[in-house]
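What follows is a set of notes on a single structure, which appears directly below.
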Protein chains: 2
Amino acid sequence: MSRDQRADDPAALQEALGSFVRAFGLHQPETTPCGRPISVSEAHALSELEQEGELRQVELTRRLRLQKSTVSRLVGQLSSRGWVERAPAPDDGRGVVLRLTPAGQRAARNLAEARRERFSRLLGSIPAHERAGVLHALDVMVEALDE
Amino acid sequence: MSRDQRADDPAALQEALGSFVRAFGLHQPETTPCGRPISVSEAHALSELEQEGELRQVELTRRLRLQKSTVSRLVGQLSSRGWVERAPAPDDGRGVVLRLTPAGQRAARNLAEARRERFSRLLGSIPAHERAGVLHALDVMVEALDE
DNA sequence: ACCTTCTGGTTGTACGGTCGAACCATGTCC
DNA sequence: GGACATGGTTCGACCGTACAACCAGAAGGT
């Protein structure tokens, strides 16, 4: 099948993506694909917080694309694990600022390490000269999905 | 961070993939990304059955990467919607052979159509000069996963 | 033949992530 | 200052999934 024909057959893309999602275990969101006893959403939250240092809860909601109620509970779980601190936002009396505790930073690093191993294997299966293109393509798709 | 550094960092891949999964709404498995009142797993099951015509239940379990109990219930739901028929396997007294009913075939076609539209819109949001690259990147990833 | 083990399916139970709605407090705008 | 919008929390419900127990049929060895 030629390249142009494939571009006109979006179902093939869905097929491939569906297989990918299942192969990665993403259909079971309560365990991370890396085998850690932590949910996918929690892992993403940890990752965002580690990267940003501080994050407004509403911003986390936006990035995770969840309802605010869900994020509230999610943060509550992370907090009761001792991984996240909530502080009142200095510039907005309604807001909450989230930050990782030292224990949370350790957890995030451990998680990142497990993730790194898992994805190293996947990345290793991608020819080196294709890697940048794959990453760029995923960025492009996310951007497209936001419109 | 330069492009090459990023390309060799598995965390970047995870980042990109995580964003994509969330942007696509896959973190909410009880509604299909196409906005249909049908779960992602049901959609996949329908798709597999449409493609294969007939499928042993155990084979569906394998393809969907679910537990057999989950698939049993899943099939029960599709059956009570009148979309799937169960018949005893001719060569194995334990087995169950699944097949789409006419209504199920219609549902599968409708679903495929909705999916097509969704992906067409997605493709439409991707700058034309990026499309070939994105399609190619997806191919590469699927290939990498099959190893 | 018989016993054991494996395999495909079903049912019961529990868990957990997500949403929507109701509600409160605070910010914003006319 | 009143109306509306925004950030968070809590409550209730839904649903997909796993695990375990169980049953029935197949497979293989003695």
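This is a predicted model, so every value here is computed, not measured.
On a pure distance criterion of 3.5 Å, a polar donor-acceptor pair joins the side chain of Ser69(B) and the base of dC19(D).
Picking from dT26(C), dT17(D), dG9(C) the nucleotide with the shortest atom distance to the side chain of Arg94(A) gives dT26(C). Distances were taken from every side-chain heavy atom of Arg73(B) (C-beta onward) to each of dT10(C), dG8(D), dG12(C); the shortest belongs to dG12(C). Distance from the side chain of Ser41(A) is smallest to dG17(C) among dG8(C), dG8(D), dG17(C).
A heavy-atom distance below 4.5 Å is not found between the side chains of Gln105(B) and Thr101(B). At least one side-chain heavy atom of Leu98(B) sits under 4.5 Å from a side-chain heavy atom of Leu49(B). Taking the side chain as every heavy atom from C-beta outward, Val58(B) and Lys68(B) never approach each other to under 4.5 Å.
Nucleic acid contact for Arg62(A): none, since no nucleic acid atom lies under 4.0 Å from a heavy atom of the residue. Among the atoms of the strands shown, none is found under 4.0 Å from any heavy atom of Thr61(A). Within 4.0 Å (heavy atoms only), Arg56(B) reaches sugar-phosphate atoms of the nucleic acid but no base atom.
Note on Arg109(A) versus Glu113(A): no salt bridge recorded, every NZ/NE/NH1/NH2 to OD/OE distance being 4.0 Å or above. Taking the charged nitrogens against the carboxylate oxygens, Glu50(A) and Arg106(A) have no contact shorter than 4.0 Å, which rules out a salt bridge.
Overall bending of the helix from dA1(C)-dT30(D) to dC30(C)-dG1(D), expressed as the angle between end axes built from five pairs apiece, is 30° (10° steps).
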Residues 84-95 of chain A, side-chain donor-acceptor partners within the protein, below 3.5 Å, at least two apart:
unit_1   : atom_1 : unit_2   : atom_2 : d
Asp92(A) : OD1    : Arg94(A) : N      : 2.9
Asp92(A) : OD1    : Arg94(A) : NE     : 3.1
Asp92(A) : OD2    : Arg94(A) : NH2    : 2.9

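If you measure from atom CD of Glu59(A) to atom P of dG8(D), you get 10 Å, rounded to the nearest angstrom. With rounding to whole Å, Asp92(A) atom CG is found 14 Å from dC24(C) atom C1'. Between the CD atom of Gln57(A) and the P atom of dT26(C) there is a distance of 16 Å, rounded to whole Å. If you measure from atom CG of Asp91(A) to atom P of dG7(D), you get 11 Å, rounded to the nearest angstrom. One interatomic measurement links the two molecules: CZ of Arg65(B) to C1' of dG16(D), which rounds to 18 Å at whole-angstrom precision. In this structure, CG of Leu98(B) is placed 11 Å from C1' of dG9(C), rounded to the nearest angstrom. Distance CG (Leu60(A)) to P (dT9(D)): 12 Å, rounded to an integer number of Å. Regarding Leu66(A), its CG atom lies at a distance of 15 Å from the C1' atom of dG8(D), rounded to whole Å.
Proximity of a side-chain donor or acceptor of Glu59(B) to a complementary backbone N or O of Arg56(B) within less than 3.5 Å is not detected.
Distances shown here put every side-chain N or O of Ser72(A) at or beyond 4.0 Å from the OP1 or OP2 atom of dG8(D). The phosphate of dG17(C) (OP1 or OP2) has a side-chain N or O of Gln77(A) nearer than 4.0 angstrom. Look at Thr70(A) and you'll find a side-chain N or O under 4.0 angstrom from OP1 or OP2 of dC19(C).
Annotation: of the two residues near DNA chain C, Glu42(A) and Gly93(A), the 5′-most nearest-nucleotide partner is Glu42(A). Heavy-atom nearest nucleotides on DNA chain D were determined for Lys68(B) and for Leu74(B), and the one closer to the 5' end corresponds to Leu74(B).
Under the side chain to side chain donor-acceptor pair (under 3.5 Å) criterion, Glu54(A) pairs with Arg99(A), not counting sequence neighbours.
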